[in-house]
Amino acid sequence: MNVSTPHTPTTTRTFAQQLSATRRGARLARLLAAAEFRAWELSPSVAERAEHIVAELAANAALHGRVQGRDFRLELRSEPATGFLRIAVTDVRGDHLPSPSAATPPDAESESGRGLLLVAALADRWGTEPYPPSGKTVWAEVSHRPSSDVPPRPERCAPPTARDVPDGRSA
């Protein structure tokens with residue numbers, strides 16, 4: 001008796017790029033990540049969450065991790081075996097490590113300070129690691145499945161009418 005088991009992709013996909021620690025570099029990080037997520041055929045909902053995370057972490061690296069003449073690094077890793085997409089942004093400013101407990105809402109009038117709150121809301125988990133000799137890596141993980149494993153959305157149906165119900169009553 002031959003039984004075929006479904007083939008699960010086992011290829012780990014990676015992407016890494018040095019980018020200038022500027023607003024333009026942060027924008028490019030999001031565009032490059034979006035292109036990779038499409039090539040990796042991530043589901044649209046996972047790709048959208050991940051793009052927002054990349055945008056926030058890259059903006060933080062350009063704003064808070066900037067040192068004149070130094071870049072930040074974007075790394076993406078999709079591991080089907082674990083089911084996680086890992087996003088990591090490394091900058092050279094390791095003197096202030098953000099922590100998950102530090103993601104508290106800013107004052108209502110504040111124009112900034114919500115980036116890590118968004119990361120915490122969008123990611124399944126996130127954290128920081130020192131990056132020797134003096135930098136830090138802020139990472140986030142998002143659970144994912146290849147889009148081929150995602151069942152198709154059901155077609156939208158009109159609500160039943162009185163004539164669709166056998167005894168004539170509407171549903």
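- For E48, the salt bridge (Lys or Arg N to Asp or Glu O under 4.0 Å) criterion is met by no residue, not counting sequence neighbours.
- The nearest pair of heavy atoms linking A21 to A61 is CB-O, 4.4 Å.
- Nearest approach of T22 to A62, heavy atoms of both residues: O-CB, 3.4 Å.
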>> Run D91 and Y131 through side chain to side chain contact (heavy atoms under 4.5 Å, CB included) and show every step you take.
In response: CA-CA 8 Å; D91 64 52; Y131 188 81; over 6 Å; no

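- One finds the CD atom of E129 at 13.0 Å from the NZ atom of K136 (value rounded to the nearest 0.5 Å).
- Counting heavy atoms from C-beta on, the side chains of L76 and W40 come closer than 4.5 Å.
- Nearest heavy atom pair, residue V142 against residue A123, reads CG2-CA, 4.4 Å.
- Here the straight-line distance linking atom OG1 of T14 with atom CD of E79 works out to 9.5 Å at 0.5 Å rounding.
- Sequence neighbours left out, the pairs with a member in residues 117-127 that pass salt bridge (Lys or Arg N to Asp or Glu O under 4.0 Å) are R49-D124, R125-E141.
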>> Assess the residue pair D71 and L19 against the criterion (side chain to side chain contact (heavy atoms under 4.5 Å, CB included)); give the C-alpha distance rounded to whole Å, side-chain angles, the decisive distance to 0.1 Å, and a yes or no.
In response: CA-CA 5 Å; D71 297 337; L19 297 154; 5.9 Å; no

>> What verdict does the side chain to side chain contact (heavy atoms under 4.5 Å, CB included) test give for L74 and V54, after you've listed the backbone C-alpha separation in whole Å, the side-chain angles of each residue and the deciding distance to 0.1 Å?
In response: CA-CA 8 Å; L74 170 67; V54 168; 4.2 Å; yes

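- Under the rule for a side chain to side chain contact (heavy atoms under 4.5 Å, CB included), the partners of A88 that lie at least two apart in sequence or sit in another chain are E75, T137, W139.
- Listed by first and then second residue, the side-chain hydrogen bond (donor to acceptor under 3.5 Å, both in side chains) pairs that reach into residues 24-35 come to none, sequence neighbours excluded.
- Looking at heavy atoms from C-beta onward, I53 lies in side-chain contact with L122 at the 4.5 angstrom threshold.
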>> Set out, in order, the CA-CA distance, both residues' side-chain angles and the distance that settles side chain to side chain contact (heavy atoms under 4.5 Å, CB included) for L116 and L118, then state yes or no.
In response: CA-CA 5 Å; L116 290 179; L118 289 171; over 6 Å; no

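- Two residues are said to be in side-chain contact when any heavy atoms from C-beta on lie closer than 4.5 Å; I87 and W126 fail this criterion.
- Inter-residue side-chain proximity for V119 and N60 is flagged as unmet; no heavy-atom pair is nearer than 4.5 Å.
- To the nearest 0.5 angstrom, F72 atom CZ is 7.0 Å from S20 atom OG.
- Put simply, the side chain of L32 reaches to within 4.5 Å of the side chain of F15, judged on heavy atoms.
- Of the N and O atoms on the side chains of S43 and H144, not one donor lies less than 3.5 Å from an acceptor on the other residue.
- Atom NE2 of H52 is separated from atom CG of L57 by 13.0 Å, given to the nearest 0.5 angstrom.
- The CZ atom of R13 sits 13.0 Å away from atom CZ of R77, with the distance rounded to the nearest 0.5 Å.
- Listed by chain and number, the residues in a salt bridge (Lys or Arg N to Asp or Glu O under 4.0 Å) with E36 amount to none (sequence neighbours excluded).
- Residues meeting the side chain to side chain contact (heavy atoms under 4.5 Å, CB included) test with A35, sequence neighbours left out: R38.
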